[in-house]
Amino acid sequence: MGVMRIGHVNLRVLDMDAALGHYIGVLGMSKTGEDEAGNIYLKAWDEWDRYSLILSPSDRAGMNHIAYKVEHDSDLDALRQRVEDYGIAVEEVPAGTLQYCGRAMKFNLPSGHEFYLYAQKEFAGKAVGVTNPDPWPQNRTGAAVHWLDHALLICELNPEKGINKVAENMDFMKKALDFYLAEQVMVGPDGDIPAAAWMFRSSTPHDIAFVGGEKMGFHHCAFFLDSWDDVLKAADIMAMNKVRIDVTPQRHGITRGYTIYFFDPSGNRNETFAGLGYLAQPDMPVITWTEQELGRGIFYHTGELVPSFTDVYT
Ligand SMILES: [Fe+2]
C-alpha cells in the first residue's frame, strides 16, 4: 500500500517544562517516553503507536523532521528505489535511530525538509482499549485531541527567480510517494503558478500541505477533534491557559475544516482541526483556488488573510 499516514513530527522547543504544560496540560497528550538527549515523546489518546510528537530541547523553535508510516517493511525498499530514481539521495538508518521505531529511510524533500519513512513503531494502544471500548476516556485532560492529523510546511517560492519548491514537492510526492492532490492554489497573471498544495494518502483532504513563502520552514501541525463544539471548547481551554491564539475558531474554505491556530510556548504554530471535510479519493477532481479568492480559501467567513498567518512561522 505504501505510505499510510503521518507518523510524527519532531519539534524543537525552548523550554521543555512550558512545552509539556502546553502539549499535555492544554492539548491533553500523554508523555510516553524520553531519551538520553532529553527528547520527550508524546501521544494522543486515540492513537495506538507509541508517539506522534517528539519535543527536542533547543535554543531555536521549528521542526527537525517529519515522518510518515508505510504499511509493510517491504514498502521501505520499494519507496527507497522510487525516491532514488527520482534523483534524491536516501539514507537507510537502522532500527532505533528513530526511537522506538524499526529501520527507516531518511531523505530531504525538494524543499529541503527532512523526511523519514518507517514501517514499525512500538505499539502503545488507544486509551480506551479495543475490547468494548468507551467512545472517549473519562480521565482525559485539556482539549483531549484525538490524533496528529497533518502538517503544513512552508516551501521557498520566488517565481521571479524561477524558484518554486511547492511545485517541486508536489511533483515529488505524486511521482515518488504516490500522494494525491486534493486542493491547490494557483497564482500569477495567468493563474498557472502553484503556490500551495494539500495532498493525501489516507481518505482525508490532506496528510501534508505545502505553502509558498520566503524561505523553508514549519507552519503548523494539526491535531484532530471531533466537532465544532470540541473546537469551541478547545479555544475556551486555550483562553483559560493564556495560550497565544493566532486565529480564533473559523472554517477553512480549503478542506472545509473547522480550525483554531495557536502557538506553543516556543512559538511553533499548532492547529486543532475538526470535521472530516470530505472523503478524499484518488479519482476525486482536484479543487483549485485562485489568487483572488485565496483569503476565502484559508478563512472562509472573513475572506481575509491574517498577516501573521502567512508571515509568522518557525
Ligand atoms: Fe492545517
Side-chain angles (χ1 to χ4, degrees), residues 5-11 22-23 26-27 29 44 47 52-53 62-63 66-68 109 111 113 143 145-155 166 169-170 173 179-185 195-213 216-228 230-232 234-235 238 243-264 267-278 280 287 289 294-302 305-306 308-314:
R5 63 172 180 274
I6 190 168
H8 64 257
V9 290
N10 177 197
L11 297 183
H22 176 81
Y23 288 101
V26 178
L27 292 188
M29 300 182 84
E47 294 171 332
S52 60
L53 179 64
M63 184 185 84
I66 186 165
Y68 282 72
L109 297 179
S111 56
H113 297 90
V145 295
H146 285 244
W147 56 74
L148 174 67
D149 190 82
H150 64 266
L152 191 158
L153 309 180
I154 299 285
C155 306
V166 173
N169 274 11
M170 284 167 75
M173 298 300 280
F179 273 65
Y180 302 101
L181 181 63
E183 308 202 24
Q184 61 185 347
V185 174
W198 286 257
M199 304 187 81
F200 65 95
R201 277 290 303 166
S202 64
S203 55
T204 66
H206 60 328
D207 297 306
I208 195 164
F210 307 114
V211 171
M216 69 168 269
F218 169 76
H219 190 272
H220 70 266
C221 59
F223 299 93
F224 187 80
L225 290 171
D226 267 335
S227 68
W228 178 245
D230 290 329
V231 168
L232 179 67
M238 288 173 206
V243 170
R244 187 154 66 98
I245 293 184
D246 187 24
V247 180
T248 55
Q250 261 270 5
R251 182 201 277 279
H252 286 308
I254 296 165
T255 74
R256 298 184 196 155
Y258 318 142
T259 184
I260 312 167
Y261 287 111
F262 53 102
F263 294 99
D264 77 4
N268 294 306
R269 189 186 276 96
N270 296 160
E271 179 185 20
T272 48
F273 183 88
L276 283 173
Y278 49 76
I287 295 164
W289 293 83
L294 174 57
R296 206 161 293 284
I298 305 288
F299 302 120
Y300 185 67
H301 298 144
T302 57
L305 278 177
V306 179
S308 66
F309 181 78
T310 41
D311 300 343
V312 178
Y313 55 95
T314 53

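Because only heavy atoms are used, hydrogens play no part in the values below, and waters and symmetry mates are left out as well, while side chains stay in. All ligand and atom numbering here is 1-based and tracks the order in the structure.
For the Fe ion (ligand 1), the N/O/S atoms of His252 include none lying under 2.8 Å. Using a cut-off of 2.8 Å, one finds that Cys221 contributes no N/O/S atom close to the Fe ion (ligand 1).
Looking at Asp207, its side chain does come within 3.5 Å of a backbone N or O of Arg201 through a donor-acceptor pair.
In the model, His22 has a side-chain atom that pairs as donor or acceptor with a side-chain atom of Asn270 under 3.5 Å.
The side chain to side chain contact (heavy atoms under 4.5 Å, CB included) test with Leu53 singles out one residue from Leu11, Asn10, Leu27, and that residue is Leu11.
The nearest N/O/S atom of Glu271 to the Fe ion (ligand 1) is OE1.
Less than 6.0 angstrom separates the ring centroid of Phe273 from the ring centroid of His206.
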